[in-house]
Amino acid sequence: MSVYEEMNERLALLKEKGRLLHKWTSREENLQELEKRGEELLYVRKEHLRAEQKDVDQLLKTSLSSLFYSLVGRKEEKLEKEENELLESKALYDEASRALEDIRRQLSEVRSEIAALYEWQHWKQEYDELMADKQKSLADSDDFIQNCLENEVKIKGQLKEIDEALGAGNRVLDSLDEAAESLKSAGNWGTYAWWRNDLHTY
């Protein structure tokens, strides 16, 4: 293998590692945003669950409201209604909790991929230095040869990127969609909007 071929191999490798780093760090940023939204939703669900539990507890203990419903013969009906709302609120809380756990699981996997590329964190600096050396060594070479070598590096990088995109690109997008869908299915954001509006009234 000639010196120029070795240079081209190294340049292509550096370019590929840089592309992978960009892909995983971008995905990490997206998942971090989903994690933040998931944490907010879980907090809202937790507060709503506490409120529902409080309603049930008040009916179970002796109180003016409990006495009132007992007198009019509707205590059991009211208690059943509150218990059903409590169960529904608990289900929504559990759903939001599972969605957040799934997002955090994916974040952990992505960070493992980034950690595996740690030694390539400064790939751009080496790439630029190597390219400068290559250009200097080709300064006295035929322009046509130089252009061919430059294009070879670019084409190799593009072909490798396309090949991986076809094989793994869809899986990356699917994972992000899965995380977003998990968060979306965690419940109705209407509760969140109601809770935030309710806070502003105080």
Side-chain angles (χ1 to χ4, degrees), residues 19-118 121 164-202:
R19 187 185 66 79
L20 288 173
L21 273 170
H22 175 72
K23 179 182 73 173
W24 291 118
T25 53
S26 295
R27 188 179 174 201
E28 181 185 30
E29 291 174 2
N30 290 332
L31 285 169
Q32 284 176 326
E33 179 61 28
L34 289 175
E35 181 184 35
K36 180 181 177 182
R37 291 170 55 192
E39 289 171 344
E40 291 175 351
L41 178 59
L42 188 64
Y43 177 77
V44 171
R45 290 290 161 74
K46 186 175 182 180
E47 292 301 305
H48 189 267
L49 181 60
R50 284 177 178 174
E52 293 295 343
Q53 183 65 63
K54 184 178 180 181
D55 290 343
V56 171
D57 292 343
Q58 285 179 341
L59 281 173
L60 290 174
K61 69 181 181 180
T62 303
S63 64
L64 290 177
S65 61
S66 177
L67 179 61
F68 170 76
Y69 283 112
S70 295
L71 289 174
V72 298
R74 292 180 52 225
K75 181 178 178 180
E76 292 301 324
E77 179 184 342
K78 177 64 176 176
L79 180 59
E80 182 180 1
K81 178 177 180 295
E82 293 295 343
E83 287 178 337
N84 287 336
E85 290 177 354
L86 176 61
L87 289 174
E88 181 180 345
S89 180
K90 179 64 166 60
L92 291 174
Y93 172 82
D94 290 343
E95 197 172 29
S97 179
R98 287 192 297 270
L100 183 57
E101 287 177 3
D102 182 62
I103 291 169
R104 286 173 173 168
R105 175 187 58 78
Q106 292 188 53
L107 255 177
S108 178
E109 293 173 356
V110 167
R111 284 167 178 163
S112 294
E113 294 289 348
I114 293 174
L117 293 166
Y118 178 78
Q121 292 292 320
E164 182 176 355
L166 291 174
N170 289 333
R171 290 196 298 272
V172 172
L173 292 176
D174 288 343
S175 295
L176 281 175
D177 289 342
E178 178 185 346
E181 189 62 30
S182 295
L183 185 57
K184 181 180 178 183
S185 66
N188 188 348
W189 275 87
T191 302
Y192 176 65
W194 163 83
W195 176 79
R196 297 214 28 156
N197 291 333
D198 190 54
L199 281 181
H200 289 305
T201 61
Y202 291 92

### Query
Got a sec, which residues hit side-chain hydrogen bond (donor to acceptor under 3.5 Å, both in side chains) with R50, two or more places apart in sequence or on another chain?
E47

### Message
If I take atom CD from residue E109 and atom CH2 from residue W24, how far apart are they, to the nearest 0.5 angstrom?
### Response
8.5 Å

### Query
What is the distance from atom CG of L41 to atom NZ of K46, rounded to the nearest 0.5 Å?
13.5 Å

### Task
Apply salt bridge (Lys or Arg N to Asp or Glu O under 4.0 Å) to E33 and R37, showing your working.
CA-CA 6 Å; E33 179 61 28; R37 291 170 55 192; 5.4 Å; no

### Query
What is the distance from atom CZ of R19 to atom NE2 of H22, rounded to the nearest 0.5 Å?
10.0 Å

### Query
Could you go step by step and tell me if L117 and E113 meet the side chain to side chain contact (heavy atoms under 4.5 Å, CB included) rule?
CA-CA 7 Å; L117 293 166; E113 294 289 348; 5.7 Å; no

### Query
How would you list, by chain and number, every residue that makes a salt bridge (charged side-chain N to carboxylate O under 4.0 Å, His left out) with E83, sequence neighbours excluded?
none

### Task
Only counting residues at least two apart or in another chain, list the ones meeting salt bridge (charged side-chain N to carboxylate O under 4.0 Å, His left out) with E88.
none

#### Entry: N/O donor-acceptor pair under 3.5 Å between S112 side chain and S108 backbone
yes

### Task
Taking all non-hydrogen atoms of both residues into account, name the closest pair between Y93 and L42 and its distance.
CE1-CD1, 3.5 Å

### Task
Would you mind reporting whether I114 and T25 have side-chain heavy atoms less than 4.5 Å apart?
yes

### Task
Would you check if E40 and E35 make a side-chain contact, meaning some heavy-atom pair closer than 4.5 Å?
no

#### Entry: E52 vs K90 side-chain heavy atoms within contact, under 4.5 Å
no

### Query
Atom CD1 in I103, atom CG in L31: separation rounded to 0.5 Å?
7.5 Å

### Task
Carefully, step by step, assess D57 and K54 under the rule salt bridge (Lys or Arg N to Asp or Glu O under 4.0 Å).
CA-CA 5 Å; D57 292 343; K54 184 178 180 181; over 6 Å; no

#### Entry: L21 side, atom CG; S26 side, atom OG - distance, nearest 0.5 Å
10.5 Å

### Query
Just wondering, do R105 and E101 contact through their side chains at under 4.5 Å, heavy atoms?
no

### Task
Walk me through it: do R104 and E39 pass the test salt bridge (Lys or Arg N to Asp or Glu O under 4.0 Å)?
CA-CA 11 Å; R104 286 173 173 168; E39 289 171 344; 2.7 Å; yes

### Query
Are the side chains of L49 and R45 in touch, meaning some heavy atoms are under 4.5 Å apart?
no

### Task
With rounding to the nearest 0.5 Å, note down the distance linking CZ in R98 to CG in L100.
12.0 Å

